[in-house]
Amino acid sequence: MAEREETDSAPLWPVIVTLLLAAAAWCANLYYGLSLESDARGLFGDMFGAVNSVFSGFAFVGVIYAIFLQRHEISIAKKEIAYTKTILDEQQKQLSLQNQETKKQAFESTYFQMVRLFTDITNQIDLQKMGKSGMMVTKGKDAFPVFLERLRKAYSPLEKSLYGGHDFESSYEAFYQEHNTELGHYFRMLYNIVAFIDGAEIENQKFYAKILRAQLSDAEVAILFYNGLSQHGVQKFKPLMERYGLLKNLNERDVFVPELRERYKDSAFGNPAKDPGAPRD
């Protein structure tokens, strides 16, 4: 908070001295005039006119001093206005900081709730497969390497007849429809978290995206890579993946179609050097 400057009042001693001098001169002339003989008083009256000129000079000095007082008052008023503006600016700044902190706290509360919900959704994923020793169940993050292997097979020429096509789009669509129950909810929640970060009026959005990115295993990042190129993610999710570098931890061995990597901007892999508009880590 700015401290108010002390302002001195305009000095009054010039006025007091001037009045005293004027009164003294007038009294002295009056006393001297009354002490003269009657025939000499006419001559003194003419001389008394000079004293009137002195009074006129004093009046002029008074006008000058009045101007000085006015300027002094204007200076005080300007200081008061400047002081008031400083106070208002500081109050506005504090209010703005409080609003930003309130927005940040509200955002973080919702954000971490969404991340916890996303973790719960991930943990609820389970894949069942009949094996030689009976039913095999793979849960949570452990299911994603299985997803990745099944997607690899879906794109394999050997599985062409089973999945109805060899091109990436049709192969992924067949894979996605087969696992929509497990992956549909997962990707929708992940997209909504990133979209929430992107639309929040906070600073350092990349920081929260990095927290989310750290939750993803290598296999999850690989599945996200392919989903972003499919019809389920190419329009809305892919731009956000590129903006926040969600594929930075992608393992190259999981990219079984190298040409697909070129469909992303370099910023998607955490390398903004060739994409100046992308946020830096």
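For the single chain, residues carry numbers from 1 onward in sequence order. Side-chain atoms are counted along with the backbone in the values below, which use heavy atoms only and exclude waters and symmetry mates.
Summarising the local packing, CD of Q70 is surrounded by 12 or fewer heavy atoms from other residues, nucleotides or ligands at distances under 6.0 Å. Counting non-hydrogen atoms of other residues, nucleotides and ligands closer than 6.0 Å to CZ of F207 gives a total of 12 or fewer. More than 12 heavy atoms of other shown residues, nucleotides or ligands fall within 6.0 angstrom of atom CD in Q105. Enclosure of atom NZ in K104 is not indicated, since only 12 or fewer non-hydrogen atoms of other residues, nucleotides or ligands lie within 6.0 angstrom.
Side-chain contact check for R261 versus E252: some heavy-atom pair is nearer than 4.5 Å. Between K141 and D218 the shortest side-chain heavy-atom distance does not fall below 4.5 Å. Within the 4.5 Å cutoff, the side chain of Q231 has heavy atoms near those of the E173 side chain.
Taking the charged nitrogens against the carboxylate oxygens, E242 and K248 have no contact shorter than 4.0 Å, which rules out a salt bridge.
Checked against a 6.0 Å centroid threshold, the rings of F107 and F196 count as neighbours. Aromatic pair Y226/F256: ring centres closer than 6.0 Å. Less than 6.0 angstrom separates the ring centroid of Y111 from the ring centroid of Y208. F147 has its ring centre no less than 6.0 Å from the ring centre of Y176.
Between L148 and A222 the shortest heavy-atom distance is CD1-CB, 3.8 Å. Across all their heavy atoms, L240 and K236 have their closest contact at CG-O, 3.8 Å. Here the closest heavy-atom approach between residue Q205 and residue I197 is recorded as NE2-O, 2.8 Å. Here the shortest heavy-atom pairing between M114 and I193 reads O-CD1, 3.6 Å.
In this structure, I211 is a member of the same hydrophobic cluster as I202, with clusters built from ILVMFWY side-chain heavy atoms closer than 4.5 Å. Linking ILVMFWY residues whenever their side-chain heavy atoms come closer than 4.5 Å, directly or via other members, places M241 and V257 in the same cluster.
Remark: K238 qualifies as a cation-pi partner of Y264 under the 6.0 Å distance and 45° angle criteria applied to the six-membered ring.
A donor-acceptor contact shorter than 3.5 Å is absent between the side chain of S75 and the backbone of R71.
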